[in-house]
Amino acid sequence: MQMANANQYAEVLAEHPNEKLLSVEGLTVEFGRGNKIVTAVDDLSFDLSRNQTLAIVGESGSGKSVTSLAMLGLIKHVGGRVVSGDMHFSSDVLGRNVNLNTLNEATMQRVRGREIAMIFQEPMTSLNPVYTIGSQIIETLILHFGISHKEARARAIDLLDLVRLPNASAMLDNYPHQLSGGMRQRAMIALALSCEPKILIADEPTTALDVTIQAQILHIMRDLQAQFETGLIFISHDMGVVSQMADNILVMKNSKKVEIDKASKVLSAPREFYTKSLLAAVPRIGSMKNEPLPKMLPLLTEEGVTTDDDFVGGVEPDESGLPVISVEQLTTRYDIRGGLLNRVTHHVHAAERISFDIYPGETFAVVGESGSGKSTLGKTIQQLIVPNEGAIKFRGQDILSLPASERKKFRKEIQYVFQDPYGSLNPRKTVGESIIEPAITHNLIDKTEIDSRVADLLTKVGLQPDHADRYPHEFSGGQRQRICIARALACNPSLIIADEAVSALDVTVQAQVLNLLMKLQREQGLAYLFITHDMAVVERISHRVAVMYLGQIVEMGSRKQIFENPQHPYTKKLLAAVPEVKINKTSDFQLLEGEVPSPIRAVGDEPEINKLIEN
């Protein structure tokens, strides 16, 4: 298989400029029964042509993902139903133009995966954990093409090569948990493209990926679209990514279509107020030039541009006393065992001799690629991982030197917002119970105050008080992340570790949450350890920034220094990979060559500690 060259995309478009693949007319999808019916998609219509990318954007709960599930005939499996509308699709397998809404399950299975495929938002929950990557691709090829296992395996290796997974033949026999997030997403793309579908639906395919891996994934998708002449439906809340990928943009809100037009028109001259508010909320690289402190994001209202209140500037950190947290020469390694005696043969050097301070009122951001050690650092500070060496001091008190019984009291002072909101919420508890649980555990609240406190926390993160009685599965991914943020605030902590805390949120809600975090910082002197791959968010919210690479901090300085005068080559490459909102679609993705080198080293093979660049 040959990878498409840079000009192939435009050439293919010229060959088939108007060949319509899909026409959706008046699609309406509902959930619930009786008096509890919720309309998730309301009278939606759009077309998709060959080699065309239609981006669907909008807030969580607007109906973007429900639309894609309806097209695949999967909506009934999540409790929904198509009550009206047509979805006309030009099917080669069935040999005719069909209405997807009228196909029975057996017929739909011939189309699903073979002609219409989907890349889901969370690859770890979409890939079967008990089967290897290769077996899942091979099964799909045998099912749809009836080829031999040997032929399917050879084809699977070609597909993994196509999505640029290293050592594809060996990677074929790995299980999903053995791959990084970026690798799993590439494997999902290979699986989705295994049958060369006519339509590919990508639902937030790069949400959880750092900017360099994101650039690689988007580049791969654009090349493969040109090679297979695929129609692409791209669901995303990242307007920078949308501007680089989309030919047309469909904007949705509250289950309805707000506007649809060519991407250049929507981005340069949006007609509707809601679209204007989406674009206004996007943090943009370079917008903070010459700004000494973090600054709230603008929120567009019918009356004009405003913020949550009169406060628009960041707070100055209080460096007059002790830091909230001091990390000194922190080293965290994971053991890898092997051999007949199951001895430790290798170490994963996740964090090596990390040192920094975080003061009251300060946002300290940590950035870097997948596998650089960002999350390990946060979890070690939260006492979820025991470090090999070093010290963690809370207001001067070394936490690690204390007995386990005394260390517990510090946990209420340091709260964590995890990257995966669904995995960090108990599915058997209501969200109200989950939110208030930390405060109850630490005896911080009276039983008579629980309901009002939960209602207040839900309101602060943009949810409704009556949401307290619902369960996590009843919320969208973005809403679940807001619930996790509310839970972190329940104990009135001194430090919040936010691990990709806003990566799953659409831009307007992201702006509201970031503004909320800055407002709380001003009012309560909160400190944040902000772990993220979104460099534009980092520029907006942070006071200082540390850049991690292979478990080490290679550059650290003020936000202004890192973004306006980066010194380390790796920092410069990270910044170059950030997608910007552009009026016209481009193909100039800035890529880092190859994979991040492995942090796994043999016992006794100590890594060289790079000289830290401090600005």
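The structure presented is a predicted model; accordingly, all values stated were derived computationally and were not measured.
A donor-acceptor pair under 3.5 Å is absent between the side-chain atoms of His77 and the main chain of Leu74, judged by distance alone. Judged by distance alone, the side chain of Arg222 and the main-chain N or O of Gln244 form a donor-acceptor pair under 3.5 Å. Between the side chain of Gln52 and the backbone N or O of Gly231, no donor-acceptor pair lies under 3.5 Å. At distances below 3.5 Å, at least one donor-acceptor pair connects side-chain atoms of Lys64 with backbone N or O atoms of Gly58.
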- Under the side chain to side chain contact (heavy atoms under 4.5 Å, CB included) rule, what do Ile138 and Ile142 come out as? Steps first, then yes or no, please. CA-CA 6 Å; Ile138 290 167; Ile142 293 175; 3.7 Å; yes
- Task: Start with the C-alpha distance between Phe120 and Asp203, add both sets of side-chain angles, then the distance that settles side chain to side chain contact (heavy atoms under 4.5 Å, CB included), and finish with yes or no.
- Result: CA-CA 5 Å; Phe120 292 92; Asp203 188 357; 5.5 Å; no
- Could you go step by step and tell me if Phe234 and Val241 meet the side chain to side chain contact (heavy atoms under 4.5 Å, CB included) rule? CA-CA 10 Å; Phe234 194 89; Val241 170; 3.5 Å; yes
- Task: Determine, step by step, whether Asn97 and Ser90 satisfy the side chain to side chain contact (heavy atoms under 4.5 Å, CB included) criterion, reporting the C-alpha distance in whole Å, the side-chain angles of both residues, the deciding distance to 0.1 Å, and the verdict.
- Result: CA-CA 4 Å; Asn97 190 285; Ser90 177; 4.3 Å; yes
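In this structure, the side chains of Arg81 and Lys76 stay at 4.5 Å or more apart for every pair of heavy atoms. Using a 4.5 Å heavy-atom threshold, the side chains of Gln136 and Pro176 count as touching. The shortest side-chain heavy-atom distance between Asp247 and Asn51 does not fall under the 4.5 Å cut-off. Looking only at side-chain heavy atoms (C-beta outward), Leu193 and Pro197 come within less than 4.5 Å of each other. Side-chain contact between Ile116 and Lys198 is absent, with no heavy-atom pair separated by less than 4.5 Å. The side-chain heavy atoms of Asn248 and Phe46, taken from C-beta on, include no pair separated by under 4.5 Å. Taking 4.5 Å as the limit, every side-chain heavy atom of Phe418 sits out of range of all side-chain heavy atoms of Ser375. No side-chain heavy atom of Phe273 sits less than 4.5 Å from a side-chain heavy atom of Val258.
Between Glu59 and Ser62, the side chains place no donor N or O within less than 3.5 Å of an acceptor N or O (distance only, hydrogens not considered). At a cut-off of 3.5 Å, with distance as the only test, no side-chain donor of Ser424 or Tyr416 sits close to an acceptor on the other residue. Remark: the Thr28 side chain and the Asp43 side chain contain no N/O donor-acceptor pair separated by less than 3.5 Å.
Shown here for Phe475 and Val431, the closest heavy-atom pair between the two residues is CE1-CG1, 3.7 Å. Shortest non-hydrogen contact noted between Val66 and Val29 is CG1-CG1, 3.7 Å. Here the closest heavy-atom approach between residue Val41 and residue Leu27 is recorded as CG1-O, 3.5 Å. The two residues His473 and Arg480 have their closest heavy-atom pair at CA-NH1, 4.4 Å. Taking each heavy atom of Asp534 and Gln510 in turn, the nearest pair found is OD2-OE1, 4.1 Å. The two residues Asn99 and Met87 make their nearest non-hydrogen contact at OD1-N, 2.9 Å.
Separation of atoms CZ (Arg186) and CD1 (Ile133) is listed at 13.0 Å; rounding is to 0.5 Å.
Atom CZ of Phe145 has more than 12 heavy atoms from other residues, nucleotides or ligands within 6.0 Å. For CD of Glu259, the number of neighbouring non-hydrogen atoms (other residues, nucleotides, ligands) closer than 6.0 Å is greater than 12.
In this structure Lys429 satisfies the salt bridge (Lys or Arg N to Asp or Glu O under 4.0 Å) test together with Glu437, sequence neighbours excluded.
Using a cut-off of 4.0 Å between Lys/Arg side-chain N and Asp/Glu carboxylate O, Arg428 and Glu433 are scored as not salt-bridged. Salt bridge annotation for Asp92-Arg114: absent, with no cationic side-chain nitrogen under 4.0 angstrom from a carboxylate oxygen.
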